[in-house]
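Along the sequence shown, residues are numbered consecutively beginning with 1.
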Amino acid sequence: QVQLVESGGGLVQPGGSLRLSCAASGRSFSTYIMGWYRQAPGKERERVASIDWTKRDIVYADSVKGRFTISRDSAQNMLSLQMNTLKPEDTAIYYCNTVPERTEYWGQGTQVTVSS
């Protein structure tokens with residue numbers, strides 16, 4: 001059974017940092033483009049960052065560019081998202097998935113709340 005399990009979320013003050021992790025199991029994702037997505041209350045889910053298998057093609061949403069850094073460890077089947085200078089508008093549930101996303105891969109996500 002293929003699973004993507006996100007972790008690392010929490011409550012942080014504006015300007016703070018968090019590092020999210022995504023552990024994949026059930027198959028190797030080493031040749032897939034992987035991405036981090038988020039869904040804020042009342043909003044559509046959006047992709048915030050993606051990384052290809054060469055780690056050379058990395059794309060960020062304008063809203064997180066310069067603040068977030070996506071990385072992957074294909075040997076460990078892991079995906080990470082370093083989030084710095086967090087803003088209240090970054091509050092959302094964060095998910096990892098392939099790009100394009102596959103419905104069957106959505107996990108529970110990890111909640112990130114940025115608030116003072």
Side-chain angles (χ1 to χ4, degrees):
Q1 180 184 358
V2 176
Q3 274 193 310
L4 295 173
V5 180
E6 304 89 352
S7 62
L11 172 63
V12 63
Q13 292 187 339
S17 299
L18 282 174
R19 185 175 181 86
L20 306 184
S21 295
C22 169
S25 61
R27 68 155 300 146
S28 171
F29 288 87
S30 62
T31 60
Y32 282 73
I33 301 172
M34 297 298 294
W36 281 98
Y37 301 76
R38 69 184 181 187
Q39 186 166 22
K43 294 189 176 181
E44 296 284 318
R45 186 150 42 196
E46 62 171 342
R47 188 169 69 239
V48 297
S50 65
I51 183 170
D52 77 335
W53 55 91
T54 67
K55 305 179 190 178
R56 289 195 292 265
D57 188 5
I58 295 175
V59 180
Y60 296 100
D62 287 343
S63 57
V64 307
K65 204 171 292 184
R67 300 187 298 120
F68 289 11
T69 302
I70 188 172
S71 60
R72 69 189 297 168
D73 183 338
S74 295
Q76 298 294 323
N77 230 10
M78 293 282 294
L79 184 72
S80 298
L81 185 69
Q82 177 66 42
M83 305 187 298
N84 298 328
T85 320
L86 283 160
K87 304 176 180 180
E89 51 264 42
D90 294 319
T91 295
I93 300 175
Y94 284 72
Y95 305 85
C96 59
N97 205 320
T98 55
V99 179
E101 65 267 29
R102 293 184 63 164
T103 303
E104 63 269 33
Y105 291 163
W106 290 118
Q108 296 298 308
T110 186
Q111 175 72 50
V112 171
T113 303
V114 185
S115 175
S116 54

- Task: Check whether any side-chain N or O of Asp52 sits under 3.5 Å from a backbone N or O of Arg56 as a donor-acceptor pair, and report yes or no.
- Result: yes
- Report the C-alpha distance between Gln39 and Glu44 in whole Å, list the side-chain angles of each, state the deciding distance to 0.1 Å, and finish with yes or no for side chain to side chain contact (heavy atoms under 4.5 Å, CB included). CA-CA 6 Å; Gln39 186 166 22; Glu44 296 284 318; 5.7 Å; no
- About how many Å separate OG1 of Thr85 and CZ of Arg67, when rounded to the nearest 0.5 Å? 7.0 Å
- Query: If you look only at pairs with a residue in residues 73-99, which of them pass as a ring pair (Phe, Tyr, Trp, His ring centres under 6.0 Å), with sequence neighbours excluded?
  - Reply: Tyr95-Trp106
- Query: Are Ile33 and Ile51 close enough that some pair of their side-chain heavy atoms sits under 4.5 Å apart?
  - Reply: no
- Item | Test log, rule side-chain hydrogen bond (donor to acceptor under 3.5 Å, both in side chains), inputs Ser28 and Ser30 | CA-CA 6 Å; Ser28 171; Ser30 62; 3.0 Å; yes
- Query: If you group Ile, Leu, Val, Met, Phe, Trp and Tyr by side-chain heavy-atom gaps below 4.5 Å, do Tyr37 and Leu18 land in one group?
  - Reply: no
- Are the side chains of Thr113 and Val12 in touch, meaning some heavy atoms are under 4.5 Å apart? no
- Message: Test: ring pair (Phe, Tyr, Trp, His ring centres under 6.0 Å). Region: residues 5-30. Which pairs qualify, not counting sequence neighbours?
- Response: Phe29-Tyr32, Phe29-Tyr105
- Message: So which atom in Gly109 and which in Glu6 form the shortest heavy-atom distance, rounded to 0.1 Å?
- Response: N-OE1, 2.9 Å
- Correct closest heavy-atom pair for Ala49 and Leu81 would be CB-CD1, 4.3 Å
- Query: Rounded to the nearest 0.5 Å, how far apart are OG1 of Thr69 and CD1 of Ile58?
  - Reply: 8.5 Å
- Query: Taking side chain as C-beta onward, heavy atoms only, is Leu20 less than 4.5 Å from Val112?
  - Reply: yes
- Task: Using a 4.5 Å cut-off on heavy atoms from C-beta on, say whether the side chain of Ser17 contacts that of Gln82.
- Result: yes
- In terms of heavy-atom contacts, Pro14 and Ser115 come closest through CD-C, 3.6 Å
- Verify side chain to side chain contact (heavy atoms under 4.5 Å, CB included) between Arg19 and Ser80, making sure each step is shown before the conclusion. CA-CA 7 Å; Arg19 185 175 181 86; Ser80 298; 3.6 Å; yes
- Task: Output the distance between atom CZ (Arg27) and atom CG (Leu4), rounded to the nearest 0.5 Å.
- Result: 10.5 Å
- Message: Is there a side chain to side chain contact (heavy atoms under 4.5 Å, CB included) between Met34 and Arg72? Walk through the geometry before answering.
- Response: CA-CA 9 Å; Met34 297 298 294; Arg72 69 189 297 168; 3.6 Å; yes
- To the nearest 0.5 angstrom, please state how far the OG atom of Ser74 sits from the NZ atom of Lys55. 5.5 Å
- Query: Is the closest basic N to carboxylate O distance between Lys87 and Asp90 below 4.0 Å?
  - Reply: no
- Joint hydrophobic cluster, Leu11 plus Leu86, side-chain heavy atoms closer than 4.5 Å: no
- If a pair satisfies ring pair (Phe, Tyr, Trp, His ring centres under 6.0 Å) and one of its residues is in residues 52-84, list it, with sequence neighbours excluded. none
- Over all atoms of both residues, closest heavy-atom pair of Cys96 and Leu79: CB-CD2, 3.9 Å
- Message: Does Gln108 have more than 12 heavy atoms from other residues, nucleotides or ligands lying within 6.0 Å of its CD?
- Response: no
- Might you work through the side chain to side chain contact (heavy atoms under 4.5 Å, CB included) test for Asn97 and Arg102, ending with a clear yes or no? CA-CA 7 Å; Asn97 205 320; Arg102 293 184 63 164; 4.3 Å; yes
- Item | Any side-chain heavy-atom pair of Arg45 and Arg38 under 4.5 Å | no
- Message: If I take atom CD from residue Gln13 and atom OG from residue Ser116, how far apart are they, to the nearest 0.5 angstrom?
- Response: 7.0 Å
- Query: Given side chains that start at C-beta, do those of Glu104 and Val2 come closer than 4.5 Å, heavy atoms only?
  - Reply: no
- So, for Val99 and Ser50, which heavy atoms are closest and what is the spacing to 0.1 Å? CG2-CB, 4.0 Å
